[in-house]
Amino acid sequence: MEKVGVLLVSYGSRAAAIADALHRSESYDVSIFDADKQKNPFILERAAAQEIGLDTEKICDFAKKHQDKIDFGIVGPEGPIIAGIRDVIEKKTKIPMICPTKEHAIERSKVLQRRLLEKCCPSANPRFRVFDPKAYASKDKLKKDIWAWLDELENSAVVKPDAPATGKGVGVWGDHFSTREELFNHFLTCYEHGPVIIEEKVDGEEFSLQFFSDGKHLIATDAVRDYKRAFDGDLGMNTGGMGSYKDSDNKLPFMDQKDWDDALGIGKRIFDELKGEGDGPFLRGIPLYMAYTCAKDGVKVFEINSRPGDPEIINLLPILEDDFVDVCFRMLDGSLTKLDFAKKASVITYAVPMTYGGYRKAFSGDRRIDLSKAYELDKKYHDSIRIYPGSMELRGKETFALGSRVVCTVGIGDDIEAARNISLDGIVSIDGALWNRWDIGSKGHIKKSIEHMKSLRR
Ligand code: GLY
């Protein structure tokens with residue numbers, strides 16, 4: 001088998017899924033060089049070398065040290081992409097990187113995203129206004145303008161900082177504040193760091209599409225639903241995502257085919273605009289992970305990311321029928337014209353630490369996590385289950401939970417319910433003080449989404 005070396009820039013379960021996809025290659029013998037946030041036990045077991053720390057210079061030094069054995073690099077988390085990891089590594093080593101360049105990582109600015117949408121797909125853009133600290137000398141004038149804008153929006157507003165804040169800076173009327181003064185206080189906590197958007201709150205159901213690219217071609221994938229809120233019934237604070245599901249075809253049960261087609265059209269227009277003239281491969285990798293809302297009057301964009309979603313990419317990689325290493329090579333040589341995925345549903349459930357998402361105020365207990373019983377489920381489910389550690393680290397022979405999403409269980413089935421049952425069997429087999437949502441991909445949750453869309457579009 002041909003030997004291939006891959007620099008993997010890792011953060012969490014998403015990177016474990018990428019490492020798994022690389023490691024399962026049937027055509028290549030892959031050596032993974034893992035630059036990681038922590039000593040992820042799953043990736044470490046499959047890696048030729050691991051270096052902890054996601055600082056650009058540190059990743060670059062690690063890449064340089066092993067560059068004779070590395071054929072290409074691939075990046076999961078947004079931080080290094082936005083910081084320009086591709087530009088730095090491609091300049092200082094001979095390693096080609098799979099991720100967008102710094103300039104093409106549109107995730108870095110929500111203001112740029114809104115302005116880009118205004119230019120190429122205005123009907124998919126909610127009404128918005130940007131409040132820039134540079135434009136206001138006095139707080140009174142700022143407040144007056146915000147109040148006038150809230151009059152126009154009838155208070156139904158969302159506050160979003162320009163810079164990525166992993167959902168945490170986003171405030172929604174009715175959820176995070178219910179008076180103008182509360183909204184203004186939330187606004188000010190973001191405004192002290194830079195421009196802030198106040199935009200129309202769009203009622204609807206969320207989904208996302210992740211697009212793969214070789215810089216020239218744009219390949220759309222099946223729609224995925226993420227569960228951002230901490231608790232069952234979509235209650236509690238926003239998190240990085242407590243789980244996600246996809247159906248066995250390209251759309252979700254609450255979507256029409258037109259919603260998926262419209263989402264694809266929006267993605268294509270954004271891609272063409274970002275790419276500009278010429279064939280420069282600046283948008284290599286997953287340059288667009290588009291988060292949409294299915295609304296009364298069509299599909300709206302609420303966010304554009306420049307990387308694979310966590311957990312959303314984990315719904316897709318385990319059902320990819322192409323060899324992932326070949327896909328990477330095709331992204332690098334500009335020949336990625338199609339991707340084949342199995343017609344399967346998949347459900348991901350995250351198990352998180354006791355204090356994550358505000359579930360407990362404190363936890364002073366044992367943080368040891370034993371995944372051995374969960375891993376043993378592959379004897380029962382074979383390739384239909386995956387267990388991917390995330391915010392977890394190996395210390396000696398034992399593994400311990402850290403502060404973020406600890407481990408996800410992936411169930412794959414002919415329908416969502418079958419996939420969900422497998423994912424939950426994985427969850428209950430984890431030995432450790434963690435908690436999870438129980439309604440990811442549940443019939444009840446999906447029915448509510450379907451009824452919500454029906455009532456909006458009646
Ligand atoms: N699932 C949310 C994110 O990846 O940003």
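Values in this document were obtained by computation on a predicted structure and should not be read as measured data. When a ligand or atom number is given, it counts from 1 through the structure's own listing order.
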Side chain to side chain contact (heavy atoms under 4.5 Å, CB included) filter on Asp310, not counting sequence neighbours, yields Arg14, Ile314, Tyr350, Arg405
Arg307, Lys228, Arg405: member with heavy atom nearest to atom 5 (O) of ligand 1:
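Answer by nearest heavy atom: Arg307.
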Q) Does a donor on one side chain sit under 3.5 Å from an acceptor on the other, for His445 and Tyr227? A) yes
> How does Glu303 reach ligand 1, by side chain, by backbone, by both or by neither, if only non-hydrogen atoms under 4.0 Å count?
Replying inline: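 The answer is neither.
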Residues 336-343, side-chain donor-acceptor partners within the protein, below 3.5 Å, at least two apart:
residue : atom : partner : partner atom : Å
Lys338  : NZ   : Asp340  : OD2          : 2.8

Q) So which heavy atom in the protein is nearest atom 3 (C) of ligand 1, and how far is it from that ligand atom? A)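 For this ligand atom, the closest protein heavy atom is Tyr289 OH, 3.1 Å.
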Take the angle between the ring planes of Phe187 and Phe131 and call it parallel below 30°, perpendicular above 60°, tilted in between.
perpendicular
Note to self: Using 30° and 60° as the class boundaries, would you call the ring planes of Phe207 and Tyr292 parallel, tilted or perpendicular?
What the structure shows: parallel
Within 4.0 Å of some non-hydrogen atom of Gly240, the atoms of ligand 1 are 1 (N), 2 (C)
Would you say ligand 1 has an N or O under 3.5 Å from any N or O of [X]?
X	result
Asp310	yes
Gly309	no
Asp226	yes

Does the distance from a Lys or Arg side-chain N to an Asp or Glu carboxylate O, for Asp222 and Lys246, drop under 4.0 Å? yes
